[in-house]
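As the structure is a prediction and not an experimental result, all values here were calculated from the model.
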Amino acid sequence: MDWDNVAAEDVIEALREVEWSTPPRSFGEFFSRFAFPRSFSKWKSRLKCNLYYYRTNYFILVIFVLGVALITRPLAIVGAALTALSIAFLNDSFAATFNEKFIRTIRHFSPHLAAKMRPPHMPVIRGRSASRKTVYVCGKPRWVFVTLFLTASLVMWFSSCGLLWVLYALLTSLVVIIVHASVRTPNLKARLNTFREEFRAVWRNYSEL
């Protein structure tokens, strides 16, 4: 795959739609074969490739740095957990899986309430939903829960006086991610994995027609 032709918006869209359950890459693979890029175009291509390929590792890295920075502030840790959940909700696969499992659990206690949490019926055109981009969680648009959890996390950070520590931790994790993605050389496994996921995406879109 030629990452030079992939825009940043395409990478963000791919991260939003990719399967969330992909396991992280091994520790040995994550910390091996470092080299500086030879040009600015090579750096941009490598950065986009590694951000997509090591996405799960980077997400875990952010959570780890936040946990270490806020280890003496339990309320701020809860706020960081809510922030992580909000970020995870931005992924279509995670939001859909969470919604399905949560409703399934509620159904054991209140089938009537579980039925109300179902997303509204959408008209279908040629096998595709008219509102394909709309993702629902517990019967509400996804952005409702993202906004709610982010607001709650900000309140907890302010209450625990840990907002400055959170900003430091996020900045530190962001710098570490950019440095790692810039110097980690894409290996053959990353390229083959990208081609395989591209094929699955094309096949999934074809099957929906």
Enquirer: In this structure, would Phe27 and Val62 fall into the same cluster of hydrophobic residues linked by side-chain contacts under 4.5 Å?
Expert: yes
Enquirer: How long is the span from the OG atom in Ser86 to the CZ atom in Phe145, to the nearest 0.5 Å?
Expert: 11.0 Å
Enquirer: In terms of hydrophobic clustering (I, L, V, M, F, W, Y; side-chain heavy atoms under 4.5 Å; direct or indirect links), are Leu51 and Phe36 co-clustered?
Expert: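 Cluster IDs for Leu51 and Phe36 match.
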Enquirer: Any side-chain heavy atom of Arg184 within less than 4.5 Å of one from Tyr53?
Expert: no
Enquirer: Okay, side chain of Asn57, backbone of Phe30: is any donor-acceptor separation there less than 3.5 Å?
Expert: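 Absent.
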Enquirer: Share the residues that join Phe59 in a hydrophobic cluster, the rule being Ile, Leu, Val, Met, Phe, Trp or Tyr side chains under 4.5 Å apart at the heavy-atom level.
Expert: Ile63, Ile87
Enquirer: How far apart are the closest heavy atoms of Arg46 and Thr185, and which atoms are they?
Expert: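 Smallest interatomic distance, heavy atoms only, reads NH2-CG2, 3.8 Å.
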Enquirer: Could you verify whether a donor N or O on one side chain and an acceptor N or O on the other, from Tyr136 and Arg142, lie under 3.5 Å apart?
Expert: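 Arg142 and Tyr136 do not have a side-chain donor-acceptor pair below 3.5 Å.
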Enquirer: Within a strict 4.5 Å, meaning less than it, do heavy atoms of the Ile178 and Leu174 side chains meet?
Expert: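 The answer is yes; the side chains approach within 4.5 Å.
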Enquirer: Report the distance from atom CD of Glu100 to atom OG1 of Thr105, rounding to the nearest 0.5 Å.
Expert: 10.0 Å
Enquirer: Flag the pair Leu82 / Leu150 as yes when at least one side-chain heavy-atom distance between them is below 4.5 Å, and no otherwise.
Expert: no
Enquirer: Can you tell me how far apart OH (Tyr54) and SG (Cys49) are? Round to the nearest 0.5 Å.
Expert: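 Tyr54 atom OH to Cys49 atom SG measures 8.0 Å (nearest 0.5 Å).
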Enquirer: In the structure I gave you, are the side-chain heavy atoms of Thr83 and Leu66 within less than 4.5 Å of one another anywhere?
Expert: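 No - every pair of side-chain heavy atoms lies 4.5 Å or more apart.
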Enquirer: Write down the atom of Val65, the atom of Ala169, and the distance for their closest heavy-atom approach.
Expert: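 Minimum heavy-atom separation between Val65 and Ala169: CG1-O, 3.5 Å.
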Enquirer: Can a donor-acceptor pair be found, under 3.5 Å and without considering hydrogens, that links the side chain of Ser45 to the backbone of Ser41?
Expert: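 Such a contact is absent between Ser45 side chain and Ser41 backbone.
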Enquirer: Is there a side chain to side chain contact (heavy atoms under 4.5 Å, CB included) between Leu85 and Phe94? Walk through the geometry before answering.
Expert: CA-CA 10 Å; Leu85 186 60; Phe94 179 86; 3.9 Å; yes
Enquirer: Tell me if the CZ atom of Phe31 is crowded by more than 12 foreign heavy atoms within 6.0 Å.
Expert: yes
Enquirer: Going by side chain to side chain contact (heavy atoms under 4.5 Å, CB included), name the residues that satisfy it together with Trp43, two or more places apart in sequence or in a different chain.
Expert: Pro37, Phe40, Leu47, Ser182
Enquirer: Would the Tyr58 and Tyr52 ring centres measure less than 6.0 Å apart?
Expert: no
Enquirer: Write down the atom of Arg104, the atom of His108, and the distance for their closest heavy-atom approach.
Expert: O-CD2, 3.2 Å
Enquirer: Using atom types as modelled and distance alone, determine if a side-chain donor or acceptor of Ser173 lies under 3.5 Å from a backbone N or O of Leu170.
Expert: yes
Enquirer: Working to the nearest 0.5 Å, report the span between CG of Asn99 and CZ of Phe89.
Expert: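 Those atoms lie 8.5 Å apart.
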Enquirer: Could you list the residues that satisfy ring-ring contact (aromatic ring centres under 6.0 Å, His included) with Phe34, not counting sequence neighbours?
Expert: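 If we apply the ring-ring contact (aromatic ring centres under 6.0 Å, His included) test to Phe34, skipping adjacent residues, the hits are His180.
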